Visitor: 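After the structure tokens below, expect a handful of questions from me.
In listed order, ligands and their atoms are each counted from 1. On a predicted model such as this, the values are computed, not experimentally measured, just so you know.
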Amino acid sequence: MTLESGAMARITERLADLASGAFLTQAVVTAKTALSAHFVRVDLRSDRFRSASWTPGCKVQLRTDRGQMTMRTYTPFAWDPAEGAVSLVAYLHGTGPAARWFDRVKPGDPCELLGPRRSIDLTGVGSRVLFLGDETSVGLAAVLGQTPGVTFVLEAADPAEYTEVLAALGVTATVVPKTADRRDLLAAARPDAYDLVVTGDAATVGPVRRDARDWTPAPGKVFGKAYWAEGRTGLD
Ligand SMILES: Cc1cc2nc3c(=O)[nH]c(=O)nc-3n(C[C@H](O)[C@H](O)[C@H](O)COP(=O)(O)OP(=O)(O)OC[C@H]3O[C@@H](n4cnc5c(N)ncnc54)[C@H](O)[C@@H]3O)c2cc1C
């Protein structure tokens, strides 16, 4: 790096920090709990959260690194407007910016984020729901965990680990091994008169939505959103 390009890089970093200070919500990490080898829960607090509009399925986007504008998306749950508190749960895979952020962050650390913002909106979801997803659907599952009438069927690389993590978050789920043909997920028992919620791997969400057109009984409303895709970073 030349002296000139080094100075430019520092100016760009400084601008990113200034823009973040102006536009992002400033929160603080109040707790971090390892739920298993691959899942971590982080609790956040901010005065801005008191007046925020939390809806089931909304998202927040974390700024993962100072000096950059890299953002990664997570699903808030357990929000408490009175306390200005909210929680996130992350599936840690690989060494992407969010995986590194969740790994290194500790209570007392600052956290900058956008949101809550609208994503999949489950406000109008019916009283019976078939919820399909994967490890990245963990936050959304935690949002619906206590809702009666939701059947959770999730695919995972390690079903036993994910079953325990979900149970710790108050979600009773059937977790099936992830397979290329999604056979176990597609074979999930369908309740009568239900809405379908499907999130997670883009390679699952698309095929499930297409397959669902031929299901009997057919789903009422379908809520679908890909949360990640092989070879793509920060999909949103
Ligand atoms: C609306 C929305 C809500 C979301 N909510 C949650 C949530 O509550 N909890 C949660 O854990 N995730 C959630 N995600 C998914 C999360 O944003 C992605 O997994 C994100 O890519 C993680 O960022 P990263 O920096 O660790 O990896 P990236 O830098 O984005 O990706 C690095 C590499 O890992 C791959 N990759 C990304 N995700 C996975 C995965 N799950 N399994 C295997 N490989 C993967 C990418 O394809 C890429 O090759 C959500 C996404 C969206 C869009």
Visitor: Would you give me the side-chain donor-acceptor pairs under 3.5 Å for residues 94-106, sequence neighbours excluded?
Guide:
residue	atom	partner	partner atom	Å
Arg100	NH1	Thr95	O	2.7
Arg104	NH2	Thr64	O	2.6
Lys106	NZ	Asp109	OD1	3.3

Visitor: Backbone N or O of Asp43 within a donor-acceptor pair of the Ser87 side chain at under 3.5 Å?
Guide: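 Here the side-chain-to-backbone pair does not exist.
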
Visitor: Enumerate the protein residues lying less than 4.0 Å from ligand 1, judged by heavy-atom distances, in chain and residue-number order.
Guide: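 Contacts of ligand 1 under 4.0 Å: Arg72, Thr73, Tyr74, Thr75, Val89, Ala90, Tyr91, His93, Gly96, Pro97, Ala98, Ala99, Ser119, Thr136, Val138, Gly139, Tyr227, Trp228, Ala229, Glu230, Gly231, Arg232, Thr233, Gly234, Leu235, Asp236.
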
Visitor: Please list all pairs meeting side-chain hydrogen bond (donor to acceptor under 3.5 Å, both in side chains) that have one or both residues in residues 183-199, counting only residues at least two apart or in different chains.
Guide: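 Every side-chain hydrogen bond (donor to acceptor under 3.5 Å, both in side chains) pair that includes a residue of residues 183-199, provided the two are not neighbours, is Ser137-Thr199.
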
Visitor: Under the salt bridge (Lys or Arg N to Asp or Glu O under 4.0 Å) test, which residues partner Arg182, sequence neighbours left out?
Guide: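 For Arg182, the residues satisfying salt bridge (Lys or Arg N to Asp or Glu O under 4.0 Å) (neighbours in sequence not counted) are Glu155, Asp201.
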
Visitor: Going from CG on Leu92 to CZ on Phe39, what distance comes out if it is rounded to the nearest 0.5 angstrom?
Guide: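 Leu92 CG to Phe39 CZ: 8.5 Å, rounded to 0.5 Å.
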
Visitor: Can you confirm whether the side chains of Gln61 and Arg117 place a donor and an acceptor under 3.5 Å from each other?
Guide: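 There is such a pair between these side chains.
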
